[in-house]
Every structure is written in structure tokens, then in C-alpha cells.
There are 2 protein chains.
Amino acid sequence: MSGDGTVGKAMDVLDQVAAFGRPVRFGALLEASPFPKATLYRFLQTLTNQRLLAYDPEHQTYSVGVRLVRLAHAAWNQSSLAPIARPHLDALSHKIGLTVHLAQLDHGQVLYVDKRNATQPIEMFSDAGKIGPAYCTGVGKAMLAFLPEEEQSRVLAQQSYHRFTDQTLADPASLKAELANIVTRGHAYDREEHEPGIICTAVPIRSSKGQVLGGLSITGSTRDTDFTKLDGLVPDLRITAQAIAADAEAWRSPVHLSQATNDTDKVQPKYGGMKQ
Amino acid sequence: MSGDGTVGKAMDVLDQVAAFGRPVRFGALLEASPFPKATLYRFLQTLTNQRLLAYDPEHQTYSVGVRLVRLAHAAWNQSSLAPIARPHLDALSHKIGLTVHLAQLDHGQVLYVDKRNATQPIEMFSDAGKIGPAYCTGVGKAMLAFLPEEEQSRVLAQQSYHRFTDQTLADPASLKAELANIVTRGHAYDREEHEPGIICTAVPIRSSKGQVLGGLSITGSTRDTDFTKLDGLVPDLRITAQAIAADAEAWRSPVHLSQATNDTDKVQPKYGGMKQ
DNA sequence: TTTAAGGTTCCATTATTTGGAACTAGGTTT
DNA sequence: AAACCTAGTTCCAAATAATGGAACCTTAAA
């Protein structure tokens with residue numbers, strides 16, 4: 001699938017285990033794997049050694065390893081919009097009192113990187129890291145709409161176009177038409193296209209050069225809210241998105257000036273600080 | 001460092017980028033890398049192709065890629081205690097009104113997988129995924145204390161023994177003595193050993209066979225609380241830890257009965273659902 | 001005790017990785 | 001403007017690691 005030599009293949013195996021969503025036995029993996037028994041076995045060994053997988057000897061099952069949680073922490077901090085956007089999300093959700101989502105595009109899908117739920121407590125990882133379809137969510141369409149021509153076509157061709165509800169735009173043509181509307185309008189709607197009873201308004205987060213950095217949305221249920229209400233909040237959304245974009249650009253720029261002075265007095269110097 | 005063929009080396013590179021904590025240029029990586037230029041270059045290409053790294057062409061910098069966030073979501077859900085422990089944490093933090101941490105051991109270090117902060121809103125990934133030292137935190141010591149002999153020795157030898165405060169137990173001998181106390185007492189203290197002004201009580205989460213699954217702690221500042229107060233909460237901690245362990249065992253057991261019926265009607269069937 | 005299925009190891013073959021050196025693109029000094 | 005860096009990229013023969021068919025365990029049932 002990915003190619004990319006041994007590392008790519010190993011990642012495919014990792015993805016496969018992750019896709020099961022629960023501990024899985026060797027045989028189950030083998031059945032669905034393009035690799036012969038011995039090869040798959042060795043990959044699982046390697047990944048387990050690397051603690052990218054965890055092996056439960058009692059049940060003889062593999063599951064995705066916690067080392068990933070650690071790496072993800074770094075990823076979330078250093079290459080997602082989340083740390084930059086945090087204060088803005090706090091302010092926005094406090095002001096409007098509805099659920100706010102921050103998302104980015106990953107491999108043609110919507111990756112939620114942060115969330116504010118005004119009423120209930122936040123659901124941690126269960127939301128950050130969650131993925132959703134791009135063609136039938138507010139944030140997804142807001143991001144797609146402002147993608148450069150070529151990239152947009154590529155991503156549109158990747159979508160699954162599953163019909164979640166009877167509002168879902170389940171083919172590239174109607175989606176493309178909708179995206180044009182979004183560009184002129186400046187924001188996207190989700191009209192119960194993904195889940196019945198759930199509507200949303202979303203805007204893209206774009207750099208000064210117009211590059212799509214992410215998306216921001218307000219979500220509500222049809223019981224509590226409607227599009228008139230949501231429309232009233234669009235200015236707030238826009239302002240927040242712009243503020244996030246501005247901060248993102250301010251953060252990125254000065255980075256390359258100082259040459260890597262690997263702070264050795266840090267709390268947990270990668271491996272260096274640990275005896276081996 | 002890790003060995004394990006090509007995949008291991010690639011992971012080392014990934015770790016190296018993660019350790020920088022910010023976007024990093026090729027040259028900076030090369031300086032600190034055991035690999036020759038061409039080799040490092042190819043690894044970075046491969047990892048970038050795999051979206052495990054993200055490359056910013058403008059600044060020519062690499063950072064950890066968001067694909068990891070996605071994988072971590074799976075890891076957190078399927079092989080951490082967090083999803084099982086969630087309701088218990090909610091109940092505990094609600095009842096006692098102090099900060100509660102849920103942690104697991106990863107590679108001799110404390111990996112925080114969830115947190116409840118009774119007063120302030122939860123800080124998402126900034127806490128889940130965070131790592132800390134095992135030898136000078138409450139959860140760390142609680143878990144170390146109940147490790148099997150051999151594993152304990154191995155992990156003790158891995159610690160960095162940095163003296164964070166003048167309370168830090170900064171050598172294996174005094175740590176080992178303390179661990180013995182923890183075993184008889186049944187719970188661990190952090191007496192400002194990691195951060196001045198921060199104290200905590202922690203218990204291990206152990207399976208019915210005594211295996212250490214994780215750790216649970218209550219943290220407070222010396223201004224608001226003291227060990228007398230914390231001691232009063234230990235029974236609650238214990239009960240919660242036991243409940244989590246019980247649920248964890250109940251969840252694991254029936255897993256291997258049903259043979260992999262890869263749900264194809266799932267929302268996002270890994271790649272299968274997407275045209276390629 | 002035999003059979004079977006699931007898992008693990010072996011090892012000659014095959015394919016990938018390796019890294020020194022040569023090359024290219026920007027930017028800076030002479 | 002030419003020479004000269006420095007940082008990043010490509011090439012390719014040699015070295016190394018991955019491959020997978022088959023044999024071998026090990027546990028659970030017949």
C-alpha cells in the first residue's frame with residue numbers, strides 16, 4: 001500500500017493493528033495481511049520491541065503500544081495548531097457556550113486536534129486524535145473548499161462518499177458545487193450530513209498567503225440551535241480563526257534563526273539523562 | 001541504540017526529531033545523528049512520506065507528523081487504562097476535589113495517560129502523553145514498589161537520579177529503602193521530591209495476580225493541603241484503584257473468544273473505504 | 001496416543017539499505 | 001563577476017538486512 005521499503009511495510013502492519021481497535025491475535029492479522037507468516041511475525045516482533053505494539057502473552061494478543069501516546073504528545077505540541085489555538089478556543093467557547101472543534105487535514109480526512117465542550121467536561125484523547133470524513137463535516141468542507149486546485153482534486157478523489165444521512169453529499173460533483181458556494185460565502189455548513197440532528201458552521205484557518213492550516217467549527221443539535229443562531233456566531237468564528245492563523249505565523253517565523261542548541265538541562269533529556 | 005534493523009533506526013530518527021520539541025533543520029539533526037548524511041536524508045524522506053514527520057519546505061524544517069496523533073488515539077483507547085478508568089476518575093475527582101493523575105510505566109518512565117483537575121478545565125494532550133521521572137513522583141514510586149524483583153532492578157538502573165529538589169531520593173539505595181516502605185504501607189508519597197510545594201499520595205493499580213497495571217495519585221500544593229489530609233483520602237484512592245483493576249480484567253478476558261470479524265460497516269474503514 | 005492448529009525458528013535466496021563521493025542550488029566573500 | 005562556501009540532494013557498487021518456504025515446536029482437542 002505505502003511502499004517506502006521496510007519502514008512503510010512496518011507502518012502498514014501498525015495501522016492494521018490500530019484498525020482493529022482492540023487486542024488482536026496473530027492469526028487474525030495473518031488472515032488480512034499481504035505478508036507471509038514468517039514475515040508478519042518478524043514485523044510484529046520488531047514493532048513490539050520498539051514498543052509501538054504491546055503484546056499480551058496471556059491472551060497472545062497485540063495492541064497498539066503506549067510509546068505512540070508519548071510521540072503523539074510531541075506531535076500535538078510541535079506540529080498541530082492546538083497549542084497555539086488553545087487560548088483562542090478557550091475564549092471562543094466561553095463566549096458562545098457551544099461545542100467548538102479544531103481540526104486539521106490528514107491524508108484527506110479530518111483529524112480533530114482539540115475541542116471545547118462548554119457544558120460537559122472535555123473527553124480528552126477520545127476527541128483529540130479522532131478522525132472523521134472530510135466531505136460531510138463542516139470543518140472538512142471548510143478546509144477542502146480553500147485547498148489549491150490540484151490538491152483539492154486529489155483529496156476529493158480519496159473520499160469514500162458513504163451516505164451517512166439523506167443530506168450527505170455523496171458524490172464528487174455535488175460536493176464540488178457546494179465547495180464553490182463555501183468559497184464565496186466564506187464559511188461552511190453541516191446540514192445534518194454526517195449525523196442526524198447535528199448541525200454546524202465552520203470556517204477555515206488560513207495563513208496570510210491563503211494556505212489552509214486547519215478548520216474551526218461550532219456544533220449544536222437541532223433541538224437547541226438552528227442556522228440563524230449559528231450564522232450570528234460566524235463573525236466570532238472568523239475572528240478566532242484569524243487570530244489563530246496570525247499566532248501560527250508569528251510562531252513559525254523566528255524558528256530557523258537560532259541553530260539547534262539541544263537544551264541539555266531539560267527535565268527529561270531524551271535518553272541522554274538515563275543510564276543505559 | 002535500539003538495534004532492530006531498519007525500523008528501529010527509523011524510530012530512533014523519529015525520536016530524535018520529537019526530542020527537539022520544535023521544527024528542526026536537516027543540519028541540526030545531522031550533527032547529533034550517528035548516521036551519515038545520505039542515510040539520515042533517506043530516513044527523513046521515508047518518515048515524511050509516511051507522514052510520521054512533517055516537512056515545512058519554506059523553513060526547511062522537520063517536525064513530528066500528525067499521523068502519530070491518529071495512531072495515539074488508537075493506542076490510548078485500546079491499550080491504556082484510560083478508557084476503562086474514565087468513569088472512576090470522574091467519580092473520584094468529583095468526590096475529593098483535588099487533582100487526580102492516572103499513569104502507566106513506559107520504558108522505565110511515568111507516562112501520564114489521564115488527569116482530572118477539579119477546578120480548572122482539563123489540559124488535553126498537554127497532560128495525556130506527558131512523561132515524568134519514576135523515581136521521584138508518587139505514581140512512579142507506587143508502581144516501582146510493586147514490580148517483580150527482576151524488572152524492578154532493571155528499571156531502577158535506568159533512572160537518571162537527577163536531584164530536582166533537596167528532598168529527591170537521588171540514588172538507588174535510598175530509593176530501594178523507600179520502595180520497601182511503600183510495599184508495607186501500601187501507598188507512596190511525593191514529599192516535594194519532584195517540584196517544591198507539590199505533594200502527593202499514590203497507589204498502584206494491580207491485577208488480581210498482583211501485576212502492576214498503572215498508578216493513581218492525588219496531588220496538592222503545600223499551601224492548600226498536607227499529608228494528614230491526603231492520608232484521609234487514601235481509602236478512596238485504594239477503592240478506585242481496585243475498581244479500575246477489576247474493570248480492566250473484566251474487559252480483557254472475553255476478547256480472544258470471538259475471532260476477528262473486522263467490522264466493515266464502521267464509519268471509517270481504515271483505507272478500504274477510500275478510493276485509491 | 002494421534003491429529004490439528006496456531007505459533008516460532010531456520011537459512012539460502014533476494015532485495016534493500018548503506019554511505020562515500022560527486023553534484024547542485026543559494027548565499028557570501030574576495 | 002568569479003570564486004567559494006554551506007546546506008541539501010542524488011548515485012551506485014558493496015554490505016547488510018529482509019524474505020518466505022519449510023521444518024519445527026507447543027498447546028489443545030479427538
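Lettering of chains follows the sequences in order, A, B, ..., and the numbering in each one begins at 1.
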Whole-Å distance, B/Tyr55 OH to D/dG8 C1', equals 8 Å
From CG of A/Asn49 across to P of D/dA17 the rounded distance in Å is 15 Å
Next on the checklist: For B/Gln109 and A/Arg70, which I'm curious about, is there any donor-acceptor pair between the side chains at under 3.5 Å?
Outcome noted: yes
(Q) Any salt bridge linking A/Arg51 with B/Asp106? Criterion: basic side-chain nitrogen under 4.0 Å from a carboxylate oxygen. (A) yes
Exercise for review: Dump the intermediate steps for ring-ring contact (aromatic ring centres under 6.0 Å, His included) on A/Phe26 and A/Tyr62, then the final yes or no.
Suggested key: CA-CA 8 Å; A/Phe26 178 86; A/Tyr62 295 89; 7.3 Å; no
Check your understanding: Hey, does the side chain of B/Thr6 come within less than 4.0 Å of C/dT16's phosphate (OP1/OP2), counting only N and O?
Key -> no
Rounded to whole Å, the CG-P distance (B/Leu44 to D/dT9) equals 9 Å
Looking only at C/dG7, C/dT18, C/dT9, the nucleotide nearest the B/Phe43 side chain is C/dT18
When rounded to whole Å, the CD to C1' distance for the pair A/Gln45 and D/dG20 reads 15 Å
A/Asp12 atom CG is separated from D/dA18 atom C1', nearest whole Å, by 15 Å
| said: Please determine whether a side-chain nitrogen or oxygen atom of A/Lys9 lies at a distance below 4.0 Å from atom OP1 or OP2 of D/dT19. | reply: yes
Comparing B/Arg42 with A/Gln60, nearest DNA chain C nucleotide closer to 5' gives the residue A/Gln60
Looking only at heavy atoms, the pair that brings A/Ala85 and A/Ile244 closest together is CB-CD1, 3.7 Å
Per nearest nucleotide of DNA chain D, the residue lying toward the 5' end, B/Phe26 or A/Thr39, is B/Phe26
To the nearest angstrom, the CZ-P distance between B/Phe35 and C/dG20 comes to 13 Å
Closest non-hydrogen contact found for B/Thr61 with B/Arg25 is CG2-CG, 3.8 Å
A/Leu40 CG to C/dT9 C1', in whole Å, measures 15 Å
Checking C/dG7, D/dC11, D/dA7 against the side chain of B/Ala38 (C-beta onward), the nearest is D/dC11
- prompt: Between the base of C/dG7 and the side chain of A/Lys37, is there any donor-acceptor pair under 3.5 Å?
  reply: yes
Here the distance between atom C1' of C/dG7 and atom CD of A/Glu31, to the nearest Å, is 15 Å
